[in-house]
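For reference, the structure is listed below as structure tokens.
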Amino acid sequence: MNETQPAVTSHEATPRKRLHVITWGCQMNVYDSGRMSDVLAPLGYTAADTPEGADMVILNTCHIRDKAAEKVFSELGRLRRLKEATGGHMILAVAGCVAQAEGREILARAPYVDIVLGPQTYHRLPEMVARASRAGGAVIETDFPAEDKFDHLPEQATPQGVTAFLTVQEGCDKFCSFCVVPYTRGAEQSRPAAAILAEAQRLIARGSREITLLGQNVNAWHGAAPDGGTWGLGTLLRAMASLPGLLRLRYATSHPRDMDVALIEAHRDLPGLMPFLHLPVQSGSDRILTAMNRKHTADDYLRLVDRLRSARPDLALSSDFIVGHPGETDADFAATLALVRSVGFAQAYSFKYSPRPGTPAAGAPGQVPEVEKSRRLQALQGLLRGQQDRFNAACNGTVMDVLFTGRGRHPGQIVGRSQYLQPIHITESASLIGEERAVRIRDVHPNSLSGTLVQERLSA
Ligand code: SAM
Ligand code: SF4
């Protein structure tokens, strides 16, 4: 799943109490931050743009790579000073996967933190706030509760905008050798279809035109169907596609093993399902894929890509790669480069393997030296960047559908996304925000495209 820049949830501020949420990590964390704000709204919390002087600050963390805990402690040091400036009044909460994995350590090293909560317990936030305020001591909630948090969350209070995220599935049972998700997010769980469709309808009623269904392994979703049976993601997407007012559908992140026939057929049959799929492969070497416990080969992946492209010829692909997994040789890495050349990606994320405490790969023999990981990452990113540049260059002069999402950075400019998630700028009225229009691409920039409305060009 794509990582986002650190983001801040922001709403209109007519505060009785001011809440500032700092979000690190994936789209699921962005969604969770919104839901934590919703849970706290009945207590009078409204969003603050900055942490200075806030009544409560939540740091929603990510544990997937790198020095996650170090980063959290350094940010907590900064927040401690802000808390002191409020005379200790500010409630400081650490949420997300670092909280889940390092809860006790956080309270030991940062005793000024009031609440530590894991991703499965944020529906209990009001009670935790009450306990923290009353007792003055720290509250820790990092269990995996028996109740489903989605059954206890209020309806979304704040509109997400033209594009919205909707979590349909959480947790993972796949236990890839390198990954903390099964430990921090727990076992795989799917929300019922009726709850998802109702949430989607509310999002559409509040102006969302594109919905991305989210899950750690979203295509493993198999939820209770309205008729009492069980649906897979392909059927859910068909039901979503029939919702009036919804123009675009996406889903992330998928595992190649869970790409079933119904889902491939949904790509064939649903024009609103965007022809852009994030399908992480991690490595092109069968030896490393086995060591990673991915349960598919490079050839399985290539054949899957062929089937998807036969179903939807304009489909473009994105992926995740890890270089330097324990045991990876030059020959294994060469196999990854070969897979990349063979598929041709429109975009991709690539990472140096980062040992995660408690995962099987962290203690495995054959750890790859850092300098070698860096060399391989540079080579892989060079290849992927070239493919991305060629994909973007091929868009020049073509007409692309663009869903406009907001104002651009320059006066008079608006920005939207192509079907392939490329940012596209045009100079047009902001009244087009929320609409999908055909745009002739006139220029290709390193990370975006620009163009003009097709009607404008034809009438000129
Ligand atoms: N469920 C998705 C899948 O099966 O591919 C991946 C979700 S994971 C949250 C997002 C990405 O982070 C992974 O695809 C992987 O490339 C990367 N990642 C996870 N653990 C990592 C680690 N220990 N070191 C480096 N990258 C890692
Ligand atoms: Fe992590 Fe593997 Fe599960 Fe993806 S499938 S979330 S990489 S354990």
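What you are looking at is a predicted structure, and each value in this text was computed from that prediction instead of being measured. Just so you know, ligand 1 is whichever comes first in the structure, and atom 1 is the first atom listed for that ligand.
Legend: ring pair (Phe, Tyr, Trp, His ring centres under 6.0 Å) pairs involving residues 191-233, not counting sequence neighbours: none detected. Pairs passing the ring pair (Phe, Tyr, Trp, His ring centres under 6.0 Å) check and including a residue from residues 99-126, sequence neighbours excluded, read H123-H152.
The shortest N/O to N/O separation between F178 and ligand 1 falls below 3.5 Å. For a threshold of 3.5 Å applied to N or O pairs, the pair formed by R294 and ligand 1 contains at least one separation below that value. Below 3.5 Å of separation, one finds an N or O of Q216 facing an N or O of ligand 1. At least one N or O atom of D320, backbone or side chain, sits closer than 3.5 Å to an N or O atom of ligand 1.
Side chains of F178 and F351 form no contact here, defined as non-hydrogen atoms less than 4.5 Å apart. Between V281 and H296, some side-chain heavy-atom pair lies under the 4.5 Å cut-off. You'll find the side chain of E210 stays beyond 4.5 Å of the side chain of V162, heavy atoms only.
Within 4.0 Å of ligand 2, heavy atoms belong to protein residues C172, K174, F175, C176, F178, C179, V181, P182, N217, H255, R294.
Counting the atoms of ligand 1 from 1 in the order shown, those under 4.0 Å from a heavy atom of T253 are 2 (C). Residue contact check: H255 has heavy atoms under 4.0 Å from atoms 4 (O) of ligand 1. Using a 4.0 Å cut-off to heavy atoms of K352, the atoms of ligand 1 that qualify are 24 (N), 25 (C). Close contacts between ligand 1 and R356 involve ligand atoms 23 (N) [criterion: under 4.0 Å to a heavy atom].
Contact check on D143 versus R124 returns a salt bridge, with a Lys/Arg side-chain nitrogen under 4.0 Å from an Asp/Glu carboxylate oxygen. Residues K373 and E328 are not paired through a salt bridge, judged by the lack of any N-O separation under 4.0 Å between the basic side chain and the carboxylate. Ion pairing between a basic and an acidic side chain is recognised when a charged N comes within 4.0 Å of a carboxylate O; D269 and R238 show such pairing. Taking a cutoff of 4.0 Å between a charged side-chain nitrogen and a carboxylate oxygen, R376 and D332 do not qualify as a salt bridge.
Under 4.0 angstrom from ligand 1, there are no non-hydrogen atoms of K174. The proximity of N217 to ligand 1, defined as any non-hydrogen pair under 4.0 Å, is limited to the side chain. Residue contacts with ligand 1, taken as heavy atom pairs separated by less than 4.0 Å, involve F351 solely via side-chain atoms from C-beta onward.
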Notebook entry, point to check: Hey, mind stepping through R248 and D401 against salt bridge (Lys or Arg N to Asp or Glu O under 4.0 Å) and telling me if it holds?
Noted result: CA-CA 11 Å; R248 290 180 167 194; D401 284 337; 5.8 Å; no

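Counting only non-hydrogen atoms, the option in R185, H325, R65 that gets closest to atom 12 (O) of ligand 1 is R65. Comparing A252, S354, A348 by heavy-atom distance to atom 22 (C) of ligand 1, the nearest is S354.
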Identify each donor-acceptor pair in which a side-chain atom of residues 357-366 lies under 3.5 Å from a protein atom, sequence neighbours left out, and give them as a table.
residue: T359; atom: OG1; partner: R356; partner atom: O; Å: 2.6

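You'll find the ring centres of Y251 and H267 inside the 6.0 Å limit.
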